[in-house]
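A short write-up of the structure that comes next.
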Amino acid sequence: MLFNSYEFIFAFLPFTFFVYFLLLEKKLILGAKAFLVFASLFFYSWWNISYLPLILISMFFNYFMGNKLNKQASKIILSVGISVNLSLLAYFKYSDFFIENINTVSNSNIELLHLALPLAISFFTFQQIAYLVDSYRQETKEYDFLNYALFVTFFPQLIAGPIVHHGEMMPQFSSKWNLVKKYKNIATGIFIFTIGLFKKVVIADTFAVWATNGFDKTETLNMLEGWVTSLSYTFQLYFDFSGYTDMAIGIALLFNIKLPINFNSPYKATSIQDFWRRWHITLSRFLRDYIYIPLGGNRISSFRTYANLMATFILGGLWHGAGWTFLFWGFLHGGALVIHRLWKVFDLRMHYLFAWFITFNFINISWVFFRAKEWEDAIKVLKAMFFGEIITDKLWLANIYADKYLLLQLFLASLLIWLTKNSIEQTSKLKFNNYTLLFVTILLVSSFLNLSGVHEFLYFNF
Amino acid sequence: MNFYILISKTSKQPKRWLKGVFSISFGVSLFIFSINYIVDPYNITNHNLLNIKYKFARDDRTEKLNYFKTLPPFENILIGSSRVYSINPKVVSNILGGETYNFGVGTATVEDHLGIIKYLEKNRKLPKNIIIGIDFYTFNPDILPNGYFLKNKELNFLSYQNYHENYLAKFFSIDSFRASVKTLQKHFSSKEEKPRFDTHGWGGTYEKISDNKNGFQELKKELEESQELFYSNFSYQHIDPKRKAYYQEIKELCHQHKIKLYLFTTPLHPMLLKELKQHKTTHQALDEFTTFLSTFNNFINFYEEETFQNNLQHFHGITHTTSKGGDIIIHKLLTKFR
């Protein structure tokens, strides 16, 4: 079930909300939590019920291993736990990639498995690996199973994050203060959900068309089309993923649960390090705490710091998808972070506008590798961007089936990204007055009227 | 920046605010839904609660497709843009025998032509004969496929824009609402409405444009609009290779299913045709267009049919023919290649 679908907005969400609080009003706390777990599993199974056993087995296994580690900090148990989780991820996500490379290198012809990627596997696997590591470090308590099940399956964050940490979720699930209906939370949740819905269905889905057209026709793009294609994807990805996160945060707030923020105006970043503090913040946090720091972080030597940065980001690239383009995307970002670090070491300065310009263009160009289905497609789009034909007549955007209004839309989206406050900043100063009422109403109605073309969120694929 | 969302402590009255948001948003949405459901401009439910005689669907494709689904297969199918509206299916049936459906849809491009044939193939409704009226503008790479084509998941075979419109969405969409309002306007107006298309998809009779000063002014205005709308200020230099490939696909599909394919260029008013031929670049595209179509069997280029072109009685406008003109076109085409 998608957050931007009629069945979710008009049926699943209101039903779950009312039943949950009805059970709480009747003092059936366990029943309410069990219902929320059941509702979350129903939400997950809506796509394909055959994935359900996988998430259940994963949840039971990790709960069991976590409790074992909590009692006895054994490296063997931790290694088994992490290996099982990674094997599951590797089997479903990376086996075909691995076979393809074996075939290429050894000129063999091993058949691909063509496995369907179970939904959200990357997210719930990472969340639970973090739980195991922290249990080993004796940083977890022996949690109640129902709260643990909620931590793993809680539907607002189940499919595409934010990647939550048990330390920030468990106390919220067990707090008695969160068991009553709070209108301020509900109103704030509706406000931020509406912004997210509008970002997704009105803005991101509009750019999706041009981005898809461009990446489908990489052969014939001219220079302007190349730039429009890459910028459309850059904007689509931001509005799509941050829209999804806003919706997730908003929905969780209805249940008095605060999810961590995931975006903080990333395209305003003036360095690559700044970008990763603003983009998919919970993934950056995971990579830092569970890969970069355990590898030694910046504590060993300069060379090791750079190597650790590269390794972390290459793995980050692979986490997004099994392909050389994702790996190269990670490599580019790792490389950029190394350069940024060297820049700081030499204490070099740059005007912030120039720094922003370089950062944004680097991100825009690197997204081309992230989006392209094949390596060749990425090269073709980049070729068009830098060496493509300059067309001055009316055919300038014909290959991507766009017209001059697309340029206006790109301009308006740029203003939204660079000149306005992001949804989180707006929420922190939210006042429940007629102005915000009108604002939310307009956004909500225009989103409802645009729900007709239901598109999946991009991060569902990762 | 805090890692969690900050909730304003000074805000008051969230309950009243929530009531306002829900009542207005859901009220407006429910109103739109109800109007669309009651009017049902695209005949999705077929309830017709208001007993509306003629509904105004803004989209010919949905309107014709919804109706077509309820009918048995036809022996002959006419495909094209609004320029084939004037062709009477009965005239086709008289010559070729069997029943004929006019599947002409407004501002159709080549994507529509192929989309309709693919739809017929998929739904096992392929006819024995397919007749396509081809407009010069449909091979202009600057002209995008019609937006309604792109939104129509049954006709849109292109991978780059695949709308997953669902049943409920039709009742919430702003397009349906516009169509509902227009339908209601017509329904409640005193003027008696006629259906846009009959049971064979025919748009009815089209008369010759008036010979008087007003008629001429209208033609001039249409000529200017045609330049802007269909020929993009004459920036059209070469025909779209992708659309040429679509036509090859149409040819192959017809061959594979043993369907006889007839093609013709939809005639253009001599004023416009003269301009196109004299223009420094567009004439190249025009030559390329007709040369390409000449490679097909059963093809008539009406731009070269001087007896037709020079008779203004055949024109309903700059790019549309009269019903009489339509009869002549189809008679010429079908009797020549039957």
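Residue numbers begin at 1 in each chain, while the letters A, B, ... track the order of the sequences.
Residue B:Phe22 touches chain A through its side chain alone, counting heavy-atom pairs closer than 4.5 Å. For chain B, the nearby parts of A:Thr436 are the backbone and the side chain; heavy atoms of each come within less than 4.5 Å. Interface remark: B:Val28 contributes side-chain atoms only to the contact with chain A (heavy atom separation under 4.5 Å).
Taking both residues in full, the closest heavy atoms of A:Val445 and B:Ser29 are given as CG2-OG, 4.3 Å, listed atom of the first, atom of the second, then distance.
Residue A:Lys373 qualifies as open at atom NZ: its count of foreign heavy atoms under 6.0 Å is 12 or below. For B:Lys69, the NZ atom is densely surrounded, since the number of other residues' heavy atoms within 6.0 Å is greater than 12. Counting non-hydrogen atoms of other residues, nucleotides and ligands closer than 6.0 Å to CZ of A:Arg288 gives a total above 12. More than 12 heavy atoms of other residues, nucleotides or ligands sit less than 6.0 Å from atom CD of B:Gln284.
A heavy-atom distance below 4.5 Å is found between the side chains of B:Trp17 and A:Val440. Between B:Ile24 and A:Leu437 the shortest side-chain heavy-atom distance falls below 4.5 Å.
Atoms CD and NZ, from B:Gln13 and A:Lys184 in turn, are 11.0 Å apart once rounded to the nearest 0.5 Å. Between atom CG of residue A:Leu449 and atom CD1 of residue B:Ile32 there is a gap of 4.5 Å, rounded to the nearest 0.5 Å.
By the 30° and 60° cut-offs, the orientation of the rings of B:Phe26 relative to A:Phe10 is perpendicular.
Residues forming a side-chain hydrogen bond (donor to acceptor under 3.5 Å, both in side chains) with A:Ser242 (at least two apart in sequence, or on another chain): A:Lys199.
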